[in-house]
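Structure in C-alpha cells, see below.
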Amino acid sequence: MADHIPKGRPEILFPLFAGLETLDGVGPKTAKHYAGIHVETPKDLIFSLPAGGLDRTRKASIREVPLPGPATVEVTIGVHRKPKGRGPYRIEVEDAQTAFQLVFFHARGDYLERTLPPGSRRVVSGKVELYDGIAQMAHPDHILPPDEAARIPDYEPVYPLAQGLTQKGVHKAVTSALTRIEPLGEWIDLDLVKQKDWPAWSDAIYAAHAPQNAADLSRAAPPRERLAYDELFAHQLTLSLARAHRRRKPGLSSKSAGHLRSKVLAALPYTPTGAQSRAIVEIAEDMAAPHRMNRLLQGDVGSGKTLVALMALLVAVEAGGQGVMMAPTSILAGQHYLNLKPLADEAGVVCEILTGADKGAERRGKLAALKRGDIHILVGTHAVFQDDVEFADLRLAIVDEQHRFGVRERVRLSQKGEAADILVMTATPIPRTLSLAQYGDMDLSILDEKPPGRTPVKTALISTARIEEVVDHLRRALDEGRQAYWVCPLVEESEVYDATAAEERFKMLRAALGDTKVALVHGQMPPRDKDAIMAAFKAGETRVLVATTVIEVGVDVPNASIMVIEQAEIFGLSQLHQLRGRVGRGAADSTCLLMYRGPLGETAKRRLQVLRESEDGFRIAEEDLAIRGAGDLIGTAQSGLPRFRIADLETQAGLMALAQNDARALLALDPDLQGARGQSARVLLWLMEQDKAIRLLDVG
C-alpha cells in the first residue's frame, strides 16, 4: 500500500486512502463493484452521501402508513405457509390492529422455522404493498427481537448503488469508513464558518451520513453545504495557486503612453462603451505589470470585443513588440483582419494575415518580415503555430473563441513568446459559476453593454408547417434589397448528413427565389471555397446564405437582417443566441425566425420562450445552465470542468464565488500556506487529491 502513497501526503489521511478491502464487509470481488459508483477508496465512500432516506419510525400498525410504503411494526409470528412448487414462502403475522404476510422468495424453510418460530415477537421493517388485496412485506430489511429493535434507525439513509452492491453492504462499509475520520483542523475562514453556522469538517461528515429527516438531505442543510464548500474551496485554491505560480514567473512589462490608441479612438465614429473602456484599462494595467497576463475577455455577441483586442495589441506594439490574434477558422481570421487593418492603418501600424492558404514566396516573404519585426500585428489561424513562424518580439497573444482551442495550443502559443501575455476572448456568455470553475485561474473582464446603434432583433417562433409563408416573407425582403441567413439543423454531429440536409434546402430555395440569389456553405467544403462564398455574400453578390452552423462565430455582414433557423428546438440556447447575433448589425430592422417541428416538449418550449423574451446573453446562459445542466452546456469531457461529488454547479453558484474570494484572500495573506490555516488548507488539498497544487506550492 505504501508504494502508492504520493510523497508528502499527511499520515492522518492514510486510512482514508487505503484499499476498499480494508473496510468491513468488502472483499476483493465487492470492491470491484464499487467502481460502478466511482468509489475506489474509503475517502470516496465517505464523500458518496446518501441520495435519499426511509422513515422507519415505529408504528403500532401498518394501518398507520400509506401503502405502498415503508413500515416498522412489532408483530406476533403466526402460521408458516410453505410453497407448493416454486412459489414464495409466506409467514402470517399480526401487529396491534391487523394481520399481513411476510413473503420470502427462494427461501430456506428450515432456517425461517428456526429463526421465526410461531408465537414469537419480532420487530419487522420493510416496504408493505397490497397484492391481490392482501398486505405483504416481501424480504423485510430488518427482523429483530423487540429488545434489539433500537438498532433500527428512525430514519435510514439510502445510498446510490451499482450492480453487485446492496444497501446493507454499503451501510456496513460506510460505518466502517467513518471510524477512520479524524478532526483535520479548519481551512475555511472562521468568520464564514460562524456566519453560515457550519459544523467542523468531521462533524459535517458524520451528520451527512446520519440524516434525521428529509430536510437533512437537502443541499442547503448546513453539513452538506459545508462539504460542498470544501470541494469548491479546494478547487478554487488549486486555480488560485496556479494563477499565483504563473504570476511569480517573470513576464514582459509592456508599458505604453497610449499614443497609438488615441489615434484609433480619434478615427472612430462612436465613443466606446463604459464596459469597453473599463476592459481596455484592466488589460493595459495587466500588460504593464512585470508578470504574465492571463485574462479572459468575455462579451456577448456584438459587445465590441474586437476594439478591445486592438487596443491591447497597440499596447504591445507601442512597447516595442508584436502581437498576434488567432481565430479558429480562416473565415474568422479574414474577418478580424478586415476589421483591424483599417484601424491599424490609422495608427500607422503594420497589420498582416497568415493562414494555411499562404504558400510559396508569399508565405516566405511574410515570415521574413515577421522575424525582422516589420509586421507589428499578425492575424491568423492555427497556422501561426508552425515551427517556421518566428516573431522578433512577441508580447501579446490573443486567442478568439477559447473553446475551439485546446489547452495544448495555448501552451504552444505561449512558447512562441517566452513570456507573452495571453488574452482569451469568448463571445459565449458563460454563467458565472461555470466561468469560475473553468477559468478560475484567469482574470476576468466582462463586456456587458452593447455599443450604440445596434438594432434589437425581433424573435418569432413559427412551425415548420408554415415554411411556404417564410419563403414568401423572404422573397419580399430580398426585393427590398435585404440579405438573409438560413441555418439548417445539425444532425448528431454528422457533418456529411448536415451537408445533405443543407443541399436539399439550398435546392428548394434556389427554385423558389432564383439561382443567382442563393448560396450554400457547409463544414465539408474546402476552406478556400467557403471563404469565396462568404466573401460573395459579404459583398452582397448573393442574397441568401444557406449554411450549417459554420456561420455561428463572428461573421459580420451588416446588411443581413433576417436569420431563419430550422428545427430550432434541437439547438442549445446559447448556440441559438450566437446565431441570432449574426443579424441586427446594421441599421435595418432585423428578424430571427425560430422554426420548430411540433409538438414541442416542455423543455424545448421553455428554451425558445427564453430566447424570445431576452437578448441578454448572460441571462440566456444562466437559463441554459438551469435547463440543461453544467455537463451538457459545455460538454464536460472536453471542457476541463471538474466533477464534484457533493457540490452542484447549477444551484450553488454563490458558494463558488465565495470560495474563489476566500481562496485568493488566504493566498494573499499566506502565499506558501505555512500558517495554521494554511497548513490545514494543505491537508484539504491532499484530501481532495489536488496533488498538482501541492507540487506548485513546493516548487514555488
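Along the sequence shown, residues are numbered consecutively beginning with 1.
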Please report the shortest heavy-atom distance between Met563 and Leu579, naming the atom on each side.
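That would be CE-O, 3.0 Å.
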Straight-line distance of Trp486 CH2 to Leu520 CG, nearest 0.5 Å
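It is 13.5 Å, given to the nearest 0.5 Å.
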Please name all residues satisfying side chain to side chain contact (heavy atoms under 4.5 Å, CB included) with Ala275, sequence neighbours left out, ordered by chain then number.
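For Ala275, the residues satisfying side chain to side chain contact (heavy atoms under 4.5 Å, CB included) (neighbours in sequence not counted) are Thr273, Arg278, Leu447, Asp448, Glu449.
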Going by the rule salt bridge (charged side-chain N to carboxylate O under 4.0 Å, His left out), which residues pair with Asp589 if we only count those two or more places apart in sequence or in a different chain?
none
Can you spot which of Lys366, Arg372, Lys371 makes a salt bridge (Lys or Arg N to Asp or Glu O under 4.0 Å) with Glu390?
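Exactly one option meets the salt bridge (Lys or Arg N to Asp or Glu O under 4.0 Å) with Glu390, and it is Lys371.
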Between the side chain of Gln567 and the main-chain N/O of Cys488, is any donor-acceptor distance below 3.5 Å?
no
Could you walk me through whether Arg292 and Asp421 pass salt bridge (charged side-chain N to carboxylate O under 4.0 Å, His left out), step by step?
CA-CA 5 Å; Arg292 267 178 109 156; Asp421 288 323; 6.0 Å; no
I want to check something: taking the side chain as every heavy atom from C-beta on, are Val521 and Val546 in contact at a cut-off of under 4.5 Å?
no
Qualifying residue, where the test is side-chain contact (heavy atoms from CB on, under 4.5 Å) with Gln609 and the options are Arg612, Arg606, Arg607:
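Exactly one candidate clears the test, Arg612.
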What closest approach, in Å, do Thr464 and Met595 show between heavy atoms, and which atom pair accounts for it?
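Minimum heavy-atom contact is CA-CE, 3.9 Å.
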Can you list the residues that meet the salt bridge (charged side-chain N to carboxylate O under 4.0 Å, His left out) rule with Glu469, with sequence neighbours excluded?
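Scan of Glu469 (salt bridge (charged side-chain N to carboxylate O under 4.0 Å, His left out), adjacent residues dropped) gives Arg466.
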Contact between Ile562 and Val583 at the side-chain level, heavy atoms closer than 4.5 Å - yes or no?
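Sidechains of Val583 and Ile562: no contact.
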Using every non-hydrogen atom in the two residues, find where Leu478 and Arg543 come nearest and quote the distance to one decimal.
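Where Leu478 meets Arg543 most closely, the heavy atoms are CD2-CB, 3.8 Å.
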Partners meeting side chain to side chain contact (heavy atoms under 4.5 Å, CB included) with Asn559 (sequence neighbours left out)
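Asn559: side chain to side chain contact (heavy atoms under 4.5 Å, CB included) contacts with Gln483.
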Could you list the residues that satisfy side chain to side chain contact (heavy atoms under 4.5 Å, CB included) with Ala539, not counting sequence neighbours?
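With sequence neighbours excluded, Ala539 shows a side chain to side chain contact (heavy atoms under 4.5 Å, CB included) to Glu541, given in chain and number order.
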Less than 4.5 Å apart, side chain to side chain, heavy atoms only: is that true for Gln298 and Leu444?
yes
Nearest atoms (heavy-atom pairs only) where Ala560 meets Phe537:
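Looking at all heavy atoms of both residues, the shortest contact is CB-CZ, 4.2 Å.
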Go through the steps to decide whether Lys305 and Thr426 satisfy the test side chain to side chain contact (heavy atoms under 4.5 Å, CB included), and finish with yes or no.
CA-CA 9 Å; Lys305 289 184 297 297; Thr426 174; over 6 Å; no
Taking atom types as modelled, find out whether Ser445 and Glu282 have a side-chain donor-acceptor pair closer than 3.5 angstrom.
yes
Atom CG of Asp443 and atom CG of Asn294: how far apart are they, to the nearest 0.5 Å?
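One finds 7.5 Å between CG of Asp443 and CG of Asn294.
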Do Val264 and Ser262 have side chains that get closer than 4.5 Å, going by heavy atoms?
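Of all side-chain heavy-atom pairs linking Ser262 with Val264, none is under 4.5 Å.
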Side-chain touch Met293/Leu423, heavy atoms, less than 4.5 angstrom
yes
Main-chain N/O of Val544 paired with Thr542 side-chain donor or acceptor, under 3.5 Å
no
Check whether Gln322 reaches the backbone of Ala392 with its side chain - one donor and one acceptor, N or O, closer than 3.5 Å.
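Yes; judged by distance alone, with no hydrogens or angles, the pair exists.
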Heavy atoms from other residues, nucleotides or ligands near CZ of Arg597 exceed 12 (cutoff 6.0 Å)
no
Where at least one partner belongs to residues 325-338, residue pairs that pass salt bridge (charged side-chain N to carboxylate O under 4.0 Å, His left out), sequence neighbours excluded
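Checked against salt bridge (charged side-chain N to carboxylate O under 4.0 Å, His left out) - neighbours excluded - no pair reaches residues 325-338.
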Which residues pass the side chain to side chain donor-acceptor pair (under 3.5 Å) test with Thr459, sequence neighbours left out?
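Checked Thr459 against side chain to side chain donor-acceptor pair (under 3.5 Å); matches are Arg580.
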Could you go through the side chain to side chain contact (heavy atoms under 4.5 Å, CB included) check for Leu396 and Ile398 one step at a time?
CA-CA 7 Å; Leu396 172 67; Ile398 299 182; 3.9 Å; yes
To the nearest 0.5 Å, what is the distance between CZ (Arg364) and CG (Asp358)?
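If I round to the nearest 0.5 Å, the distance is 12.0 Å.
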Would you give the length of the straight line joining atom CG of Asp529 to atom CE of Met534, rounded to the nearest 0.5 angstrom?
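It is 13.5 Å, given to the nearest 0.5 Å.
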Quick one: are Tyr485 and Val564 in side-chain contact, heavy atoms under 4.5 Å?
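Sidechains of Val564 and Tyr485: no contact.
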With side chains defined as the heavy atoms from C-beta onward, is the minimum distance between Leu594 and Leu576 less than 4.5 Å?
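Yes, close enough: below the 4.5 Å cut-off.
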Distance (rounded to the nearest 0.5 Å) between Ile467 CD1 and Leu474 CG:
10.5 Å
Verify side chain to side chain contact (heavy atoms under 4.5 Å, CB included) between Arg395 and Val315, making sure each step is shown before the conclusion.
CA-CA 9 Å; Arg395 285 173 171 261; Val315 171; over 6 Å; no
Using every non-hydrogen atom in the two residues, find where Ala312 and Ile283 come nearest and quote the distance to one decimal.
CB-CG2, 3.7 Å
Output every pair passing salt bridge (charged side-chain N to carboxylate O under 4.0 Å, His left out) with a member in residues 566-577, not counting sequence neighbours, ordered by first then second residue.
Arg505-Glu566
Under the salt bridge (charged side-chain N to carboxylate O under 4.0 Å, His left out) test, residues paired with Asp472 that sit two or more places apart:
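Once residues adjacent in sequence are excluded, the partners of Asp472 under the salt bridge (charged side-chain N to carboxylate O under 4.0 Å, His left out) criterion are Arg475.
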Minimum-distance pair of heavy atoms, taken over all atoms of Leu608 and Tyr596
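Here Leu608 and Tyr596 meet closest at CD1-CB, 4.3 Å.
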Please name all residues satisfying salt bridge (charged side-chain N to carboxylate O under 4.0 Å, His left out) with Lys517, sequence neighbours left out, ordered by chain then number.
none
Can you check side chain to side chain contact (heavy atoms under 4.5 Å, CB included) on Leu297 and Val308, steps first, answer last?
CA-CA 9 Å; Leu297 175 65; Val308 176; 3.8 Å; yes
Any side-chain heavy-atom pair from Asp400 and Val424 closer than 4.5 angstrom?
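Heavy-atom side-chain distance check fails, nothing below 4.5 Å.
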Sequence neighbours left out, what passes side chain to side chain contact (heavy atoms under 4.5 Å, CB included) with Lys255? Give chain and number order.
Ser253, Ala288
If I take atom CG from residue Leu296 and atom CD1 from residue Ile422, how far apart are they, to the nearest 0.5 angstrom?
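One gets 12.0 Å once the value is rounded to the nearest 0.5 Å.
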Going by atom type alone, with no hydrogens or angles, which donor-acceptor pairs under 3.5 Å involve a side-chain atom of residues 340-357 and a protein atom two or more places apart or on another chain?
from	atom 1	to	atom 2	distance (Å)
Lys341	NZ	Asp345	OD1	3.3
Thr355	OG1	Ala357	N	3.2

